[in-house]
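This report concerns only the one structure given below.
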2 protein chains.
Amino acid sequence: MQDLIKTMKALSDETRLRILNVLLERECCVCEVMQALDISQSRASRNLGILEDAGFLTAKRDGVWTVYSVDWQAANRYATSLAKLLKGSPISNGVSAQDKERLKHAVRVGPAGLRK
Amino acid sequence: MQDLIKTMKALSDETRLRILNVLLERECCVCEVMQALDISQSRASRNLGILEDAGFLTAKRDGVWTVYSVDWQAANRYATSLAKLLKGSPISNGVSAQDKERLKHAVRVGPAGLRK
DNA sequence: AGAGTATATGCGGGTATGCGCATACCCACT
DNA sequence: AGTGGGTATGCGCATACCCGCATATACTCT
């Protein structure tokens with residue numbers, strides 16, 4: 001579940017969505033991204049790093065440049081797994097299983113009702 | 001693009017993913033969710049509201065209870081649009097279009113290089 | 001109307017996030 | 001080795017987020 005959260009967090013920022021949008025066009029080094037989005041160098045670098053850490057991008061060194069490109073395979077994996085989630089397949093996870101177990105015994109009374 | 005960000009933000013929280021997971025099982029009122037996840041009432045209510053605002057849930061009043069259920073149609077819409085995004089279809093948006101335009105003129109030089 | 005219960009929300013505090021600035025790091029070239 | 005340019009990162013600040021507590025609101029029943 002933590003991986004899924006990291007994935008979603010990576011996609012819930014405008015800068016990073018714009019980066020992804022640009023990288024879908026073609027692979028870029030940091031300085032190209034900063035020019036395309038008209039943002040600072042540290043901002044570009046950091047957000048590229050976050051997207052890479054989340055698994056959406058791969059980085060390769062090309063001399064002085066670090067070239068980032070979309071990891072299509074991983075992106076597809078995320079897309080399909082998320083689609084599956086939203087179409088009804090529940091999260092297979094320890095915590096989630098506990099939740100569902102407790103749900104079986106849950107009744108329509110709130111905190112006050114339970115206090116009795 | 002702001003909608004997409006809101007959608008992703010809604011999914012980037014453990015509590016909300018657990019709620020979604022439980023609601024995929026069956027529709028629930030607030031007090032059932034708080035029991036299933038063993039969380040406080042305000043926490044359950046607030047996060048249910050966030051998921052509803054993002055479009056994943058619909059709420060209907062049933063007497064004292066507010067019953068939340070997954071909006072399958074909307075969820076499917078999100079799933080497919082995200083899948084499309086990750087499979088290469090760029091974001092159609094004013095800002096993103098500007099970015100791509102600037103990308104055409106971007107070159108492999110950084111801030112120092114541009115200063116010259 | 002009044003009491004009781006379920007849900008929503010204002011408020012304050014702790015934590016996480018995103019950014020710019022400055023600087024460290026890394027690589028190529030001389 | 002030293003210099004220059006591209007990239008990563010520590011730090012501090014402003015802001016956003018999440019939560020619990022207390023309270024307000026909504027609904028039902030007597």
Side-chain angles (χ1 to χ4, degrees), chain A residues 2 5-20 23 27-54 57-69 106-116, chain B residues 1-2 5-19 23 27-54 57-69 106-116:
Chain A
Q2 296 307 317
I5 293 173
K6 186 193 278 189
T7 305
M8 294 299 110
K9 266 190 169 41
L11 292 178
S12 55
D13 178 84
E14 172 160 1
T15 304
R16 289 193 286 275
L17 284 181
R18 287 170 64 196
I19 290 179
L20 215 49
L23 285 180
E27 60 173 32
C28 293
C29 65
V30 178
C31 61
E32 287 172 315
V33 170
M34 62 183 286
Q35 289 172 71
L37 304 205
D38 192 30
I39 57 178
S40 75
Q41 183 267 324
S42 68
R43 188 171 164 184
S45 173
R46 232 180 274 270
N47 283 298
L48 281 164
I50 291 172
L51 283 171
E52 184 194 4
D53 183 54
L57 306 181
T58 54
K60 66 168 189 263
R61 264 281 181 180
D62 177 14
V64 244
W65 298 289
T66 308
V67 181
Y68 289 92
S69 50
V107 284
R108 287 206 176 177
V109 266
L114 288 172
R115 231 180 276 126
K116 286 184 182 175
Chain B
M1 161 133 49
Q2 296 308 319
I5 293 172
K6 185 194 277 190
T7 305
M8 293 300 112
K9 264 193 172 36
L11 293 179
S12 56
D13 178 83
E14 173 161 0
T15 303
R16 288 193 287 274
L17 285 180
R18 287 170 64 197
I19 288 179
L23 285 181
E27 61 173 32
C28 291
C29 65
V30 178
C31 61
E32 287 172 315
V33 170
M34 62 182 287
Q35 289 172 71
L37 306 204
D38 193 26
I39 58 179
S40 76
Q41 183 266 324
S42 69
R43 188 171 165 185
S45 173
R46 231 181 274 271
N47 284 298
L48 281 164
I50 291 172
L51 284 171
E52 184 194 5
D53 183 55
L57 306 181
T58 54
K60 66 167 189 264
R61 264 281 181 180
D62 177 14
V64 241
W65 298 288
T66 308
V67 181
Y68 289 92
S69 50
V107 285
R108 288 206 176 177
V109 267
L114 289 172
R115 232 179 276 129
K116 284 184 183 173

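Lettering of chains follows the sequences in order, A, B, ..., and the numbering in each one begins at 1. Small disclaimer: the values here were computed from a predicted structure and weren't measured.
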- Message: Whole angstroms only, please: what is the CH2-C1' distance between B/W65 and D/dC27?
- Response: 10 Å
- Item | Rounded distance (Å) that lies between atom C1' of D/dC27 and atom NZ of B/K60 | 17 Å
- Task: With the side chain counted from C-beta on, respond yes when B/V30 and B/V33 share a heavy-atom pair under 4.5 Å apart, and no when they do not.
- Result: no
- Message: Between B/S12 (side chain only) and B/K9 (backbone N and O only), is there a donor and an acceptor less than 3.5 Å apart?
- Response: yes
- Spacing of B/M34 atom CE relative to D/dC19 atom P, expressed in whole Å: 14 Å
- Do the side chains of A/R108 and B/D62 get nearer than 4.5 Å, heavy atoms only? yes
- Would you say the side-chain atoms of A/R43 pair up with the backbone N or O of A/R46, donor to acceptor, closer than 3.5 Å? no
- Rounded to whole Å, CG of A/D13 lies from C1' of D/dT15 at a distance of 13 Å
- Query: Whole Å only: how far is the CD1 atom of B/I5 from the P atom of D/dA16?
  - Reply: 14 Å
- Message: Could you tell me if the side chain of A/E14 sits less than 4.5 Å from the side chain of B/Q2, heavy atoms only?
- Response: yes
- Query: Is a side-chain donor or acceptor of B/Q35 paired with a backbone partner of B/C31 at a separation under 3.5 angstrom?
  - Reply: yes
- Could you check A/I39 against A/K9 and say which one's nearest nucleotide on DNA chain C is further toward the 5' end? A/K9
- Task: May I have the distance from B/N47 (atom CG) to D/dC18 (atom P), rounded to whole angstrom?
- Result: 7 Å
- Item | Residues that A/D38 engages under salt bridge (charged side-chain N to carboxylate O under 4.0 Å, His left out), provided they are two or more places apart | none
- Message: Could you check whether any side-chain N or O of A/Q41 sits under 3.5 Å from a backbone N or O of A/M34, counting only pairs where one atom can act as donor and the other as acceptor?
- Response: no
- Message: Any non-hydrogen side-chain atom of B/T7 less than 4.5 Å from a side-chain atom of A/L11?
- Response: no
- From CD1 of B/I19 across to P of D/dC18 the rounded distance in Å is 11 Å
- Message: Rounded to whole Å, how long is the line connecting atom CD of B/E14 with atom P of C/dT15?
- Response: 18 Å
- Message: Does D/dC17 have its OP1 or OP2 closer than 4.0 Å to a side-chain nitrogen or oxygen of A/S12?
- Response: no
Under 3.5 Å between N/O atoms: give me all the protein pairs with nucleotides 8-10 of chain D, atom names plus distance.
unit_1 : atom_1 : unit_2 : atom_2 : d
D/dA8  : OP1    : A/Y68  : OH     : 3.0
D/dA8  : OP2    : A/S45  : OG     : 2.9
D/dA8  : N7     : A/Q41  : NE2    : 2.9
D/dA8  : N6     : A/Q41  : OE1    : 2.9
D/dG10 : O6     : A/R46  : NH2    : 2.4

- Query: If you fit an axis to the five pairs at each end of the helix from C/dA1-D/dT30 to C/dT30-D/dA1, how big is the angle between those two axes, to 10 degrees?
  - Reply: 30°
